[in-house]
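If you read the sequence from its start, that first residue is 1, and numbering goes on from there. Values below: all heavy atoms of this structure, side chains included; hydrogens, waters and symmetry mates excluded. All values derive from a computational prediction rather than experimental measurement.
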Amino acid sequence: MKELVALEPFRRPFFGDPLFPFHIIYRALKHPQHELPDHLHDRYELVYVHRGSGTFFIDKTLYDKKPGDLFLIPGNTVHRAFPEAADPIVSTAVFFAPALMEGGPYDDGRPLLQGFDIARRQGRHRFSVPEDLRRAIESALDTIHEEHESREAGYRAAIRLELGRLLLLLGRYLNQQFADRPADGVHVPSWIRSALHTIDAAPEQPHSLTAFADAAAVSASHFSRTFKQFTGMNVTDYVNAKRIIRAKELLTGTDGTIADIAERCGFASIPHFHRVFKALTDVTPSSYRRGHAAADDAASR
């Protein structure tokens with residue numbers, strides 16, 4: 001590996017469903033002219049090389065890329081790929097907000113993200129894995145891709161389960177490889193965990209950046225920056241996302257009026273509820289309810 005100095009990077013945006021901060025680019029053929037320049041983003045990125053050769057610039061280091069290589073790139077890490085024109089890379093890349101795989105209240109730390117913590121701690125991002133683990137990685141990526149493409153009922157849960165299983169396998173393997181190294185990985189601050197649990201438990205309640213920052217005894221700017229680094233969203237967007245998830249459940253599972261559901265989900269007015277719901281789902285609450293009812297009718301025939 002060679003030490004390089006990166007040029008000024010740009011921040012890559014992600015689009016798609018803000019309620020499910022996940023994206024996969026499956027078995028893509030990589031051409032040099034189509035690669036992004038030096039860039040970074042808030043999401044965690046896992047890259048697996050199926051075939052081809054090239055190099056990968058990650059955090060001032062240039063790595064060779066070959067079939068079977070695994071790259072773990074924590075959020076806000078500058079990187080850039082350089083595939084060989086004569087032997088182009090075919091790779092799968094998975095991007096997700098770390099909050100998607102956050103450990104629950106019964107977990108010790110964040111076991112599903114320990115591989116990324118090891119990568120950050122060791123200052124290395126390429127890992128060679130044994131053949132059996134390579135097969136497991138490829139199988140998991142195939143399953144995740146199939147679920148993402150099919151969009152069948154429960155596909156989000158299926159993706160989280162399969163991705164979680166993959167990350168746990170990788171974390172255990174890498175933890176064994178670096179068992180003799182200091183275990184001082186990056187951990188989520190307790191005040192971020194507390195804020196997430198508070199929002200998740202009652203998204204309809206008023207939540208503010210200032211209140212969370214005061215409770216954590218940190219500045220609002222520091223809280224906001226740390227919160228977005230972990231969730232990929234600011235506090236307001238995260239609260240709204242959780243409220244809309246709840247609203248979708250009520251729209252399809254109850255006969256409540258739009259006004260009643262808006263109030264139960266914490267929205268001060270129906271117009272505000274409509275704006276946020278349409279911004280996150282591309283449809284109005286009424287259209288969402290009608291579409292779900294029509295789908296249920298079709299499925300029952």
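Annotation: salt bridge (Lys or Arg N to Asp or Glu O under 4.0 Å) contacts involving residues 265-286, sequence neighbours excluded, are absent. The salt bridge (Lys or Arg N to Asp or Glu O under 4.0 Å) pairs that include a residue from residues 199-226 are Asp200-Lys242, where partners are two or more places apart or lie in different chains. For residues 252-272, the set of pairs meeting the ring pair (Phe, Tyr, Trp, His ring centres under 6.0 Å) definition, not counting sequence neighbours, comprises Phe267-His272, Phe267-Phe273. Among residues at least two apart or in separate chains, salt bridge (Lys or Arg N to Asp or Glu O under 4.0 Å) pairs with a member in residues 254-263 are Asp260-Arg264.
Taking 4.0 Å as the cut-off between side-chain N and carboxylate O, Arg135 and Asp132 do not count as a salt-bridged pair.
Evaluation of the side chain to side chain contact (heavy atoms under 4.5 Å, CB included) rule for His148 yields Phe22, Ile24, Arg151, Ile159 as partners, not counting sequence neighbours. Remark: Gln205 pairs with Ala202, His207 by the side chain to side chain contact (heavy atoms under 4.5 Å, CB included) rule, at least two apart or across chains. Listed by chain and residue number, Arg11, Asn76, Lys228 satisfy the side chain to side chain contact (heavy atoms under 4.5 Å, CB included) test with Asp42 (two or more places apart in sequence, or in another chain). Checked against salt bridge (charged side-chain N to carboxylate O under 4.0 Å, His left out), Arg246 has the following partners two or more places apart in sequence or in another chain: Glu249. Remark: Asp64 pairs with no residue by the salt bridge (charged side-chain N to carboxylate O under 4.0 Å, His left out) rule, at least two apart or across chains. Residues satisfying the salt bridge (charged side-chain N to carboxylate O under 4.0 Å, His left out) test with Asp237, not counting sequence neighbours, are none. With sequence neighbours excluded, no residue satisfies salt bridge (charged side-chain N to carboxylate O under 4.0 Å, His left out) with Arg172.
You'll find the ring centres of His79 and His41 inside the 6.0 Å limit.
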Which pairs of donor and acceptor atoms, one on a side chain in residues 83-92, lie under 3.5 Å apart (sequence neighbours left out)?
residue: Asp87; atom: OD2; partner: Ser53; partner atom: OG; Å: 3.1
residue: Thr92; atom: OG1; partner: Arg27; partner atom: N; Å: 2.9
residue: Thr92; atom: OG1; partner: His50; partner atom: NE2; Å: 2.8

